[in-house]
Number of protein chains: 2
Amino acid sequence: MSEIFLKDALVTLKESGVRITPQRHAILEFLISSEIHPTADEIYKALEADFPNMSVATVYNNLRVFRNAGLVKELTYGDASSRFDFVTHDHYHIICDVCGKIVDFHHPGLEEVEHLASHVTGFKVNSHRLEVYGTCPECAANVKKAK
Amino acid sequence: MSEIFLKDALVTLKESGVRITPQRHAILEFLISSEIHPTADEIYKALEADFPNMSVATVYNNLRVFRNAGLVKELTYGDASSRFDFVTHDHYHIICDVCGKIVDFHHPGLEEVEHLASHVTGFKVNSHRLEVYGTCPECAANVKKAK
DNA sequence: TACTTCTTTATAATCATTATAATTAGTTTA
DNA sequence: TAAACTAATTATAATGATTATAAAGAAGTA
(Lines give C-alpha, C1' and ligand atoms only; values in the text may rest on other atoms or scores of the structure.)
Protein backbone atom coordinates (compact mmCIF):
# COMPACT_ATOMS: atom_id res chain seq x y z
CA MET A 1 0.00 0.00 0.00
CA SER A 2 2.50 2.61 1.09
CA GLU A 3 4.88 1.45 -1.66
CA ILE A 4 2.26 2.50 -4.20
CA PHE A 5 1.98 5.94 -2.62
CA LEU A 6 5.74 6.29 -2.70
CA LYS A 7 6.02 5.22 -6.34
CA ASP A 8 3.24 7.59 -7.38
CA ALA A 9 4.87 10.42 -5.48
CA LEU A 10 8.22 9.81 -7.14
CA VAL A 11 6.57 9.78 -10.55
CA THR A 12 4.77 13.05 -9.77
CA LEU A 13 8.02 14.66 -8.74
CA LYS A 14 9.95 13.46 -11.76
CA GLU A 15 7.21 14.68 -14.08
CA SER A 16 7.48 18.16 -12.63
CA GLY A 17 11.25 18.14 -13.10
CA VAL A 18 12.31 17.53 -9.51
CA ARG A 19 15.38 15.36 -9.06
CA ILE A 20 15.05 12.31 -6.87
CA THR A 21 17.89 12.43 -4.39
CA PRO A 22 18.46 9.83 -1.66
CA GLN A 23 17.46 12.43 0.92
CA ARG A 24 14.20 13.18 -0.86
CA HIS A 25 13.46 9.50 -1.20
CA ALA A 26 14.06 8.92 2.49
CA ILE A 27 12.00 11.92 3.65
CA LEU A 28 9.07 10.87 1.50
CA GLU A 29 9.30 7.27 2.63
CA PHE A 30 9.34 8.31 6.27
CA LEU A 31 6.40 10.68 5.80
CA ILE A 32 4.30 8.01 4.15
CA SER A 33 5.04 5.26 6.64
CA SER A 34 4.79 7.53 9.67
CA GLU A 35 1.52 7.81 11.54
CA ILE A 36 2.63 10.69 13.73
CA HIS A 37 2.34 13.68 11.36
CA PRO A 38 5.97 14.53 12.13
CA THR A 39 7.65 17.91 12.53
CA ALA A 40 10.65 18.82 10.39
CA ASP A 41 12.88 18.12 13.35
CA GLU A 42 11.36 14.70 13.96
CA ILE A 43 12.04 13.79 10.34
CA TYR A 44 15.58 15.10 10.69
CA LYS A 45 16.19 13.02 13.82
CA ALA A 46 14.57 9.92 12.36
CA LEU A 47 16.90 9.98 9.35
CA GLU A 48 20.01 10.90 11.30
CA ALA A 49 21.22 7.31 11.43
CA ASP A 50 21.01 6.85 7.66
CA PHE A 51 22.11 10.39 6.73
CA PRO A 52 24.51 11.60 9.41
CA ASN A 53 25.50 14.61 7.32
CA MET A 54 22.06 15.77 6.29
CA SER A 55 21.22 19.36 7.18
CA VAL A 56 17.95 20.51 8.74
CA ALA A 57 17.71 22.97 5.88
CA THR A 58 17.46 20.02 3.50
CA VAL A 59 14.45 18.73 5.37
CA TYR A 60 12.76 22.12 5.25
CA ASN A 61 13.68 22.71 1.62
CA ASN A 62 12.27 19.40 0.54
CA LEU A 63 9.13 19.64 2.58
CA ARG A 64 8.50 22.86 0.70
CA VAL A 65 9.19 21.14 -2.61
CA PHE A 66 6.72 18.41 -1.70
CA ARG A 67 4.15 20.94 -0.55
CA ASN A 68 4.42 22.86 -3.81
CA ALA A 69 3.99 19.61 -5.72
CA GLY A 70 0.80 18.96 -3.74
CA LEU A 71 2.19 15.83 -2.13
CA VAL A 72 2.33 17.09 1.42
CA LYS A 73 0.19 19.31 3.61
CA GLU A 74 1.61 21.57 6.27
CA LEU A 75 -0.33 21.82 9.53
CA THR A 76 0.54 25.04 11.32
CA TYR A 77 0.20 25.84 15.01
CA GLY A 78 1.47 29.32 15.82
CA ASP A 79 4.85 29.42 17.40
CA ALA A 80 5.09 25.65 17.74
CA SER A 81 6.58 23.52 14.97
CA SER A 82 4.53 22.77 11.89
CA ARG A 83 3.56 19.16 11.29
CA PHE A 84 3.60 17.53 7.89
CA ASP A 85 1.05 15.15 6.47
CA PHE A 86 1.36 13.09 3.32
CA VAL A 87 -1.72 13.76 1.20
CA THR A 88 -3.72 10.63 0.41
CA HIS A 89 -7.47 10.93 0.19
CA ASP A 90 -9.28 13.76 1.91
CA HIS A 91 -9.44 13.47 5.65
CA TYR A 92 -9.64 15.74 8.66
CA HIS A 93 -7.74 15.73 11.94
CA ILE A 94 -8.82 15.47 15.54
CA ILE A 95 -6.19 16.66 18.01
CA CYS A 96 -5.83 15.80 21.68
CA ASP A 97 -5.64 18.92 23.88
CA VAL A 98 -3.72 16.96 26.51
CA CYS A 99 -1.03 14.99 24.67
CA GLY A 100 -1.14 16.59 21.23
CA LYS A 101 -1.78 13.36 19.37
CA ILE A 102 -3.30 13.81 15.89
CA VAL A 103 -5.74 11.21 14.60
CA ASP A 104 -7.27 11.09 11.12
CA PHE A 105 -10.98 10.78 10.50
CA HIS A 106 -13.06 10.83 7.36
CA HIS A 107 -16.00 13.06 6.64
CA PRO A 108 -17.62 14.18 3.44
CA GLY A 109 -16.24 17.55 2.31
CA LEU A 110 -18.00 20.63 3.58
CA GLU A 111 -18.97 22.08 0.23
CA GLU A 112 -22.09 23.57 1.74
CA VAL A 113 -20.06 25.68 4.16
CA GLU A 114 -17.78 26.79 1.32
CA HIS A 115 -20.80 27.83 -0.74
CA LEU A 116 -22.32 29.79 2.08
CA ALA A 117 -19.05 31.54 2.85
CA SER A 118 -18.56 32.40 -0.79
CA HIS A 119 -22.10 33.71 -1.12
CA VAL A 120 -21.94 35.90 1.97
CA THR A 121 -18.47 37.34 1.47
CA GLY A 122 -18.08 37.41 -2.31
CA PHE A 123 -14.84 35.44 -2.09
CA LYS A 124 -13.88 32.88 -4.72
CA VAL A 125 -13.34 29.83 -2.51
CA ASN A 126 -10.36 27.52 -2.96
CA SER A 127 -10.23 25.31 0.10
CA HIS A 128 -10.92 25.04 3.78
CA ARG A 129 -9.29 23.82 6.95
CA LEU A 130 -11.15 21.96 9.66
CA GLU A 131 -9.76 20.55 12.86
CA VAL A 132 -11.55 19.08 15.85
CA TYR A 133 -10.08 19.34 19.34
CA GLY A 134 -10.76 17.17 22.35
CA THR A 135 -9.34 14.55 24.69
CA CYS A 136 -8.18 11.19 23.39
CA PRO A 137 -9.34 7.98 25.09
CA GLU A 138 -5.94 7.36 26.70
CA CYS A 139 -5.72 10.81 28.24
CA ALA A 140 -9.33 10.62 29.36
CA ALA A 141 -8.49 7.36 31.17
CA ASN A 142 -5.47 8.94 32.85
CA VAL A 143 -7.54 11.82 34.13
CA LYS A 144 -10.01 9.41 35.70
CA LYS A 145 -7.21 7.47 37.40
CA ALA A 146 -5.72 10.66 38.82
CA LYS A 147 -8.97 11.47 40.64
CA MET B 1 -22.33 48.49 20.67
CA SER B 2 -18.60 48.08 21.12
CA GLU B 3 -18.80 49.99 24.42
CA ILE B 4 -21.05 47.25 25.72
CA PHE B 5 -18.53 44.59 24.70
CA LEU B 6 -15.78 46.52 26.43
CA LYS B 7 -17.74 46.98 29.65
CA ASP B 8 -18.69 43.32 29.73
CA ALA B 9 -15.10 42.31 29.14
CA LEU B 10 -13.86 44.52 31.97
CA VAL B 11 -16.46 43.06 34.32
CA THR B 12 -15.44 39.53 33.32
CA LEU B 13 -11.81 40.32 34.02
CA LYS B 14 -12.45 41.95 37.36
CA GLU B 15 -14.58 39.02 38.44
CA SER B 16 -11.73 36.62 37.76
CA GLY B 17 -9.35 38.78 39.78
CA VAL B 18 -7.51 40.46 36.93
CA ARG B 19 -6.43 44.04 37.52
CA ILE B 20 -7.56 46.64 35.04
CA THR B 21 -4.54 48.64 34.00
CA PRO B 22 -4.54 51.43 31.42
CA GLN B 23 -2.61 49.15 29.05
CA ARG B 24 -5.15 46.36 29.35
CA HIS B 25 -7.98 48.78 28.82
CA ALA B 26 -6.35 50.14 25.68
CA ILE B 27 -5.49 46.73 24.22
CA LEU B 28 -9.04 45.50 24.74
CA GLU B 29 -10.52 48.64 23.30
CA PHE B 30 -8.35 48.39 20.22
CA LEU B 31 -9.15 44.71 19.74
CA ILE B 32 -12.87 45.34 19.93
CA SER B 33 -12.94 48.31 17.60
CA SER B 34 -10.47 46.81 15.13
CA GLU B 35 -11.75 44.94 12.13
CA ILE B 36 -8.36 43.64 11.07
CA HIS B 37 -7.76 40.76 13.51
CA PRO B 38 -4.44 42.33 14.46
CA THR B 39 -1.13 40.72 15.32
CA ALA B 40 0.56 41.45 18.64
CA ASP B 41 2.92 43.78 16.84
CA GLU B 42 0.11 45.68 15.14
CA ILE B 43 -1.49 46.26 18.52
CA TYR B 44 1.85 47.39 19.91
CA LYS B 45 2.35 49.85 17.07
CA ALA B 46 -1.22 51.14 17.21
CA LEU B 47 -0.86 52.03 20.89
CA GLU B 48 2.66 53.43 20.63
CA ALA B 49 1.38 57.00 20.49
CA ASP B 50 -0.62 56.68 23.71
CA PHE B 51 1.84 54.40 25.54
CA PRO B 52 5.33 55.26 24.33
CA ASN B 53 6.93 53.16 27.06
CA MET B 54 4.80 50.05 26.68
CA SER B 55 6.75 46.84 26.09
CA VAL B 56 5.85 44.22 23.47
CA ALA B 57 5.92 41.71 26.30
CA THR B 58 3.00 43.56 27.86
CA VAL B 59 0.96 43.05 24.72
CA TYR B 60 1.77 39.34 24.62
CA ASN B 61 1.21 38.89 28.35
CA ASN B 62 -2.18 40.51 28.22
CA LEU B 63 -3.32 38.75 25.08
CA ARG B 64 -2.63 35.55 26.98
CA VAL B 65 -4.58 36.82 29.96
CA PHE B 66 -7.51 37.66 27.70
CA ARG B 67 -7.29 34.30 25.98
CA ASN B 68 -7.32 32.47 29.29
CA ALA B 69 -10.36 34.50 30.33
CA GLY B 70 -12.10 33.42 27.12
CA LEU B 71 -12.33 36.98 25.80
CA VAL B 72 -9.97 36.56 22.88
CA LYS B 73 -9.18 33.86 20.36
CA GLU B 74 -5.73 33.31 18.92
CA LEU B 75 -5.55 32.44 15.23
CA THR B 76 -2.27 30.68 14.49
CA TYR B 77 -0.49 30.40 11.17
CA GLY B 78 2.78 28.52 11.47
CA ASP B 79 5.84 30.67 11.50
CA ALA B 80 3.90 33.83 10.74
CA SER B 81 2.50 35.99 13.53
CA SER B 82 -0.64 34.93 15.31
CA ARG B 83 -3.69 37.12 14.91
CA PHE B 84 -6.10 37.93 17.71
CA ASP B 85 -9.85 38.09 17.55
CA PHE B 86 -12.19 39.45 20.18
CA VAL B 87 -14.82 36.78 20.89
CA THR B 88 -18.37 37.95 20.29
CA HIS B 89 -20.85 35.44 18.95
CA ASP B 90 -19.69 32.38 17.08
CA HIS B 91 -18.36 33.05 13.64
CA TYR B 92 -15.88 31.59 11.22
CA HIS B 93 -13.19 33.19 9.08
CA ILE B 94 -12.57 33.29 5.36
CA ILE B 95 -9.01 34.28 4.44
CA CYS B 96 -7.74 35.71 1.17
CA ASP B 97 -4.83 33.69 -0.24
CA VAL B 98 -3.57 36.77 -2.07
CA CYS B 99 -3.67 39.66 0.41
CA GLY B 100 -4.24 37.81 3.68
CA LYS B 101 -7.40 39.71 4.59
CA ILE B 102 -9.62 37.93 7.13
CA VAL B 103 -13.39 38.35 6.87
CA ASP B 104 -15.97 37.01 9.33
CA PHE B 105 -18.95 34.95 8.28
CA HIS B 106 -21.67 33.23 10.22
CA HIS B 107 -22.63 29.62 9.96
CA PRO B 108 -24.45 27.28 12.32
CA GLY B 109 -21.98 25.27 14.41
CA LEU B 110 -20.81 21.99 12.98
CA GLU B 111 -22.03 19.76 15.80
CA GLU B 112 -22.65 16.97 13.36
CA VAL B 113 -18.98 16.86 12.36
CA GLU B 114 -17.96 16.90 16.00
CA HIS B 115 -20.28 13.99 16.74
CA LEU B 116 -18.97 11.95 13.87
CA ALA B 117 -15.36 12.62 14.80
CA SER B 118 -16.05 11.69 18.39
CA HIS B 119 -17.83 8.51 17.40
CA VAL B 120 -15.12 7.34 15.02
CA THR B 121 -12.09 8.18 17.15
CA GLY B 122 -13.37 7.80 20.71
CA PHE B 123 -12.24 11.33 21.59
CA LYS B 124 -14.22 13.52 23.97
CA VAL B 125 -14.72 16.58 21.75
CA ASN B 126 -14.25 20.12 23.07
CA SER B 127 -14.19 22.39 20.06
CA HIS B 128 -13.26 22.75 16.42
CA ARG B 129 -11.54 25.14 14.10
CA LEU B 130 -12.77 25.90 10.61
CA GLU B 131 -11.32 28.32 8.12
CA VAL B 132 -12.16 28.85 4.48
CA TYR B 133 -9.53 30.05 2.01
CA GLY B 134 -10.02 31.82 -1.29
CA THR B 135 -9.61 35.07 -3.17
CA CYS B 136 -11.36 38.23 -2.01
CA PRO B 137 -13.36 40.32 -4.52
CA GLU B 138 -10.71 43.07 -4.60
CA CYS B 139 -7.86 40.70 -5.38
CA ALA B 140 -9.96 38.87 -7.95
CA ALA B 141 -10.56 42.21 -9.69
CA ASN B 142 -6.86 43.02 -9.66
CA VAL B 143 -6.00 39.69 -11.25
CA LYS B 144 -8.45 40.38 -14.05
CA LYS B 145 -6.98 43.81 -14.69
CA ALA B 146 -3.46 42.41 -14.86
CA LYS B 147 -4.43 40.13 -17.73
C1' DT C 1 34.34 13.93 -20.36
C1' DA C 2 33.04 18.70 -19.60
C1' DC C 3 29.36 21.80 -18.68
C1' DT C 4 25.35 23.49 -16.62
C1' DT C 5 22.15 23.43 -13.18
C1' DC C 6 20.07 21.79 -9.15
C1' DT C 7 20.79 20.09 -4.46
C1' DT C 8 22.99 19.67 -0.25
C1' DT C 9 25.60 21.22 3.49
C1' DA C 10 27.17 24.27 7.12
C1' DT C 11 26.44 28.30 9.08
C1' DA C 12 24.58 32.65 10.05
C1' DA C 13 20.52 35.50 10.18
C1' DT C 14 15.68 36.52 11.10
C1' DC C 15 11.64 36.97 13.55
C1' DA C 16 7.88 35.80 16.76
C1' DT C 17 7.44 34.69 21.24
C1' DT C 18 8.81 33.80 26.08
C1' DA C 19 11.76 34.18 30.33
C1' DT C 20 14.04 37.02 33.69
C1' DA C 21 14.86 40.47 36.97
C1' DA C 22 14.16 45.01 38.49
C1' DT C 23 10.86 48.66 38.90
C1' DT C 24 6.27 50.45 39.18
C1' DA C 25 1.49 50.62 40.21
C1' DG C 26 -3.18 48.44 41.81
C1' DT C 27 -5.49 46.78 45.66
C1' DT C 28 -6.30 45.73 50.37
C1' DT C 29 -6.41 46.50 55.00
C1' DA C 30 -5.32 48.68 59.11
C1' DT D 1 -5.34 57.85 53.75
C1' DA D 2 -0.90 55.26 54.22
C1' DA D 3 1.65 51.05 54.53
C1' DA D 4 2.06 46.58 52.79
C1' DC D 5 1.26 43.09 49.68
C1' DT D 6 0.99 41.38 45.27
C1' DA D 7 0.46 41.67 40.44
C1' DA D 8 1.78 44.10 36.22
C1' DT D 9 5.03 46.50 33.42
C1' DT D 10 9.34 47.39 31.45
C1' DA D 11 13.76 46.48 29.31
C1' DT D 12 16.45 43.16 27.87
C1' DA D 13 18.18 38.74 26.91
C1' DA D 14 17.13 34.10 25.48
C1' DT D 15 14.82 30.58 22.83
C1' DG D 16 13.44 28.06 18.99
C1' DA D 17 11.50 27.42 14.34
C1' DT D 18 12.42 28.66 9.93
C1' DT D 19 14.94 30.89 6.09
C1' DA D 20 18.96 32.96 3.60
C1' DT D 21 23.57 32.53 1.92
C1' DA D 22 27.61 30.80 -0.05
C1' DA D 23 30.52 27.04 -1.05
C1' DA D 24 30.91 22.20 -2.28
C1' DG D 25 28.91 18.16 -4.33
C1' DA D 26 26.04 15.41 -7.46
C1' DA D 27 22.70 14.70 -11.44
C1' DG D 28 21.53 15.34 -16.15
C1' DT D 29 23.03 16.53 -20.75
C1' DA D 30 25.73 17.66 -24.85
Side-chain angles (χ1 to χ4, degrees), chain A residues 10-28 30 37-69 71-85 100, chain B residues 9-30 37-69 71-85 100:
Chain A
L10 294 175
V11 169
T12 303
L13 286 176
K14 238 180 200 158
E15 277 171 355
S16 56
V18 174
R19 293 182 186 165
I20 310 302
T21 65
Q23 293 91 334
R24 284 182 177 161
H25 193 284
I27 294 171
L28 263 183
F30 180 74
H37 308 81
T39 63
D41 198 60
E42 283 167 352
I43 298 172
Y44 175 66
K45 291 225 165 66
L47 302 181
E48 210 165 34
D50 293 338
F51 297 85
N53 293 321
M54 185 166 65
S55 165
V56 218
T58 299
V59 177
Y60 278 102
N61 288 339
N62 290 327
L63 286 171
R64 183 166 25 181
V65 169
F66 299 156
R67 175 156 54 77
N68 291 342
L71 293 172
V72 162
K73 262 203 178 174
E74 181 175 0
L75 316 170
T76 65
Y77 303 99
D79 200 31
S81 303
S82 289
R83 299 193 157 271
F84 294 87
D85 188 22
Chain B
L10 294 175
V11 168
T12 303
L13 287 175
K14 239 182 200 157
E15 276 171 357
S16 56
V18 174
R19 292 182 186 169
I20 310 303
T21 65
Q23 292 90 335
R24 285 183 177 159
H25 194 284
I27 294 171
L28 265 183
E29 196 171 12
F30 180 73
H37 308 81
T39 63
D41 199 60
E42 283 167 352
I43 297 170
Y44 174 66
K45 292 226 165 64
L47 302 180
E48 209 164 36
D50 292 337
F51 297 85
N53 293 320
M54 186 167 65
S55 165
V56 218
T58 299
V59 177
Y60 279 103
N61 287 340
N62 289 327
L63 287 171
R64 184 165 25 180
V65 168
F66 299 156
R67 175 157 53 77
N68 292 340
L71 292 173
V72 162
K73 263 203 176 173
E74 181 176 0
L75 315 171
T76 66
Y77 304 98
D79 203 29
S81 302
S82 290
R83 298 193 159 272
F84 296 86
D85 188 22

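Chain letters run A, B, ... following the sequence lines, proteins first and then strands; every chain starts at 1.
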Nearest-angstrom distance from the residue atom [atom1] of [X] to [atom2] of [N]:
X: B:Y44; N: C:dA16; atom1: OH; atom2: P; answer: 13 Å
X: B:I20; N: C:dT27; atom1: CD1; atom2: P; answer: 8 Å
X: B:Y60; N: C:dT20; atom1: OH; atom2: P; answer: 18 Å
X: B:F51; N: C:dA25; atom1: CZ; atom2: P; answer: 13 Å
X: B:D50; N: D:dT9; atom1: CG; atom2: P; answer: 16 Å
X: B:M54; N: C:dA25; atom1: CE; atom2: P; answer: 15 Å
X: B:L13; N: C:dG26; atom1: CG; atom2: C1'; answer: 14 Å
X: B:N61; N: D:dT10; atom1: CG; atom2: P; answer: 10 Å

What is the minimum heavy-atom distance between B:L28 and B:A9, and which atoms define it?
CD1-CB, 4.0 Å
Looking only at non-hydrogen atoms, find the nearest pair between A:F84 and A:E74 and report the distance.
CE2-CG, 3.7 Å
Is there a donor N/O on one and an acceptor N/O on the other, under 3.5 Å, for the side chain of A:R24 and the base of C:dT7?
no
Taking donor-acceptor contacts at under 3.5 Å, does the side chain of A:R19 reach the base of C:dT5?
yes
Of the listed nucleotides [options], the one nearest the side chain of [X]:
X: A:A57; options: C:dT7, C:dT9, D:dT9; answer: C:dT9
X: B:N62; options: D:dT9, C:dT9, C:dA19; answer: D:dT9
X: B:T58; options: C:dT8, D:dA20, D:dT10; answer: D:dT10

Could you pick out which residue, B:G17 or B:P52, lies toward the 5' side of DNA chain D when each is mapped onto its nearest nucleotide?
B:G17
Separation of B:D41 CG from B:Y44 OH (nearest 0.5 Å)
8.0 Å
Apply salt bridge (charged side-chain N to carboxylate O under 4.0 Å, His left out) to A:E42 and A:R83, showing your working.
CA-CA 9 Å; A:E42 283 167 352; A:R83 299 193 157 271; 3.2 Å; yes
Mapping B:A80 and B:V18 to their closest nucleotides on DNA chain C, which lands nearer the 5' end?
B:A80
NA contact type, [X], heavy-atom cut-off 4.0 Å: base, sugar-phosphate, or nothing?
X: A:T21; answer: sugar-phosphate
X: B:S82; answer: sugar-phosphate
X: A:D41; answer: nothing
X: B:S81; answer: sugar-phosphate

Are a donor atom and an acceptor atom from the side chains of B:T58 and B:Q23 found within less than 3.5 Å of each other?
no
When you measure from the side-chain N and O atoms of B:Q23 to the phosphate of D:dT10, is any distance below 4.0 Å, counting only OP1 and OP2?
yes
